[in-house]
Amino acid sequence: MENNQYLGTEKIGRLLARFCIPCIASLIISCLYNIVDQIFVGNRLGYLGNAATGVIFSITVVGWGMSLFFGDGAAASASVSLGRGETNHIHRTIGNSILFSFLSGVVIILASYLWGDGLLRCIGATDATLGLARDYGRIIYAMMPLAMVQNSLASIIRADGSPRYAMGAMIAGAVFNLIGDPVAIYLLDWGIRGAAYATIGGQLVSFVICALYLPRAKTFRLCRGSFRPDGRLLRSVMALGASSLLTQLSIVVITVVNNVLLVRWGARSTYGADIPLAAFVVIMKLFQIVLNIAIGIAAGAQPIVGYNYGAEHYGRVRQLLRAMLQWTAVVTLVCTALFEGLPGPLIRIFGSDGELYLEFAQQCLRIYLSLILLTCLQKVCAIFLQSIGHARAAAPLAMLRDALLIVFSLILPVFLGVTGIFWAAPVADVLAMAVTAAVVIRLWRQLGRLEAHQPEP
């Protein structure tokens, strides 16, 4: 088996490019599964189809969060262990993570099928979208355990030093989905069910490719004993993966709360209940793309950060944090310019059903994503803390912005009507970034002191 000593010696910029770019691509491709469905469904079935897939999106994000809970936790644990030279238990950490990611998917399947329409109504389905959401969801649920294992494996494969392989697995699945969507929706005339079949087909392709990597892993070898539950190792994994889980669960809570609020306040406006809901679904897709770029930078750097922190290379850890924040700022500023300058074309990609819908969607896109720079910087800082094993600080910061967002989403519509729900985002961004900056500045100084007290090599 190979070691990862080059993580402590190679140039920072080269390492980040090697690890972050494939990670960003993998996350964007994963995000495109749902987005591609929405583009084809929106243009075939209109904004009601988009609203229906958006309802199921909440459930899939729960699965995504649980897979990152175990996958990112295992990746962070393995990276720090490699930096410290403690490699004997890595295979058991990986095996336990795979096992519990799969079991979590089984639980989600059972809950989704048994609760049925009641669950869909709780997370925002209306009379107009319930049937479409049911048809789409019943198919998506079936692949949940394997899709979650695949997502966990992608994190593990990146931490093992093979980010391009993880990216290749995601690309193969996305290509299958991209080809399958128009074939199933238009050629076979399966409608929204066709979009679901194309999605789970792509997920299966990615899972098989990721599973084939395991026998050739660089830093671990799995055996039957690797999958024997170990409470001590699992607790460590869950502590390190908690911020990834909370980040995803907070998205679910935001989506569900906003779905309910948008239906409630939209019904009191000239836009009705379904237009605000459909607009929010589209805006969240654009939000997810940019957020996944930022998370890709942070998650891609995680093996490098964890290794160097474990090896006590504190100067390199500070350089990595600076570079991660700089990369994130550049990308999000460009995206902000696009959102503010070209909201119309971006909305029309997902279909358009009249001027009233376009007017509302463009206005709210500009509001909701106006300070996405702060959103992304705050998330990167939380993942950085997770990467160096500071789970107690990482977990609260991971959910801080989203907790504030929920609070202001409840308050602002009372004064501003349905658009107040969208104004909650920039307000939450400012407050969350202020708290996060205080924590990170303190950590920066602490790393500087540790570096200063190290003996000269």
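Taking every heavy atom of both residues into account, L405 and A428 meet most closely at N-CB, 3.6 Å. When all heavy atoms are compared, the tightest approach of L400 to Q378 is CB-NE2, 4.2 Å. Contact record, G194 with I185: C-CG1, 4.2 Å, taken as the closest heavy-atom pair. Nearest heavy-atom pair across V305 and M324 is CG2-SD, 4.1 Å. Between I209 and A172, the shortest heavy-atom contact is CD1-CB, 3.5 Å. A323 and L16 make their closest contact through CB-CD1, 3.4 Å (heavy atoms, listed as atom of the first residue, atom of the second, distance).
Between the CZ atom in F70 and the CG atom in N151 there is a gap of 13.0 Å [rounded to 0.5 Å]. Residue T199 holds its OG1 atom at 4.0 Å from CG of N177, rounded to the nearest 0.5 Å. A distance of 8.0 Å separates CD1 in I304 from CG in N308, rounded to the nearest 0.5 Å. Interatomic distance, L214 CG to I156 CD1, rounded to the nearest 0.5 Å: 8.0 Å. The line from NE2 of H313 to CG of L320 is 11.5 Å long, rounded to the nearest 0.5 Å. The CE atom of M433 sits 12.0 Å away from atom CG of L431, with the distance rounded to the nearest 0.5 Å.
More than 12 heavy atoms of other residues, nucleotides or ligands shown are found within 6.0 angstrom of CZ on R134. In this structure, M399 places its CE atom where only 12 or fewer heavy-atom neighbours from other residues, nucleotides or ligands lie under 6.0 Å away. Enclosure of atom CZ in F227 by more than 12 non-hydrogen atoms of other residues, nucleotides or ligands within 6.0 angstrom is indicated. In this structure, Y197 places its OH atom where only 12 or fewer heavy-atom neighbours from other residues, nucleotides or ligands lie under 6.0 Å away.
Within the 4.5 Å cutoff, the side chain of F100 has heavy atoms near those of the P229 side chain. Side-chain contact between C364 and I283 is present, with heavy atoms from C-beta onward closer than 4.5 Å. Within the 4.5 Å cutoff, no side-chain heavy atoms of L369 are placed close to those of T336. Counting heavy atoms from C-beta outward, H91 and I94 have side chains that stay 4.5 Å or more apart. Side-chain atoms of F339 and V290, non-hydrogen and from C-beta on, do get closer than 4.5 Å to each other. Between L212 and V208 the shortest side-chain heavy-atom distance falls below 4.5 Å. At a threshold of 4.5 Å between non-hydrogen side-chain atoms, the residues P276 and W265 do not count as touching. I59 has its side chain within reach of L119: a pair of non-hydrogen atoms, C-beta onward, lies under 4.5 Å apart.
A distance-only check finds no donor-acceptor pair linking the side chain of S206 to the backbone of Q203 [under 3.5 Å]. Side chain of K218 to main chain of G161: a donor-acceptor pair is present (N/O by atom type, distance under 3.5 Å, no hydrogens or angles).
Listed by first then second residue, pairs satisfying side-chain hydrogen bond (donor to acceptor under 3.5 Å, both in side chains) with a partner in residues 93-104 read S101-S152, not counting sequence neighbours. Residues in residues 92-116 take part in these salt bridge (Lys or Arg N to Asp or Glu O under 4.0 Å) pairs, two or more places apart or across chains: R92-D230.
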Discussion item. Using the rule given for side-chain contact (heavy atoms from CB on, under 4.5 Å), can you reason through Y368 versus M284, listing the C-alpha separation, both sets of side-chain angles and the distance that settles it, and then say yes or no?
Written reply: CA-CA 9 Å; Y368 196 85; M284 283 299 289; 3.7 Å; yes
Discussion item. Walk me through whether S409 and L261 qualify under side-chain contact (heavy atoms from CB on, under 4.5 Å).
Written reply: CA-CA 8 Å; S409 293; L261 290 174; 4.0 Å; yes
Discussion item. With side-chain contact (heavy atoms from CB on, under 4.5 Å) as the criterion, how do F408 and I421 come out once you've worked through the C-alpha distance, each side chain's angles and the decisive distance to 0.1 Å?
Written reply: CA-CA 7 Å; F408 287 107; I421 298 169; over 6 Å; no
Discussion item. Determine whether F422 and L365 satisfy the following criterion, side-chain contact (heavy atoms from CB on, under 4.5 Å), listing intermediate values before the conclusion.
Written reply: CA-CA 8 Å; F422 295 90; L365 170 63; over 6 Å; no
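D160 and Y213 form a side-chain donor-acceptor contact under 3.5 Å, judged by distance and modelled atom types alone.
A side chain to side chain contact (heavy atoms under 4.5 Å, CB included) with L377 is found for one member of V440, T436, T328 and no other, namely T328.
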Can you list, pair by pair, the side-chain donor-acceptor contacts under 3.5 Å of residues 106-113, counting residues two or more places apart and other chains?
residue	atom	partner	partner atom	Å
S112	OG	I108	O	2.8
Y113	OH	R138	O	2.6

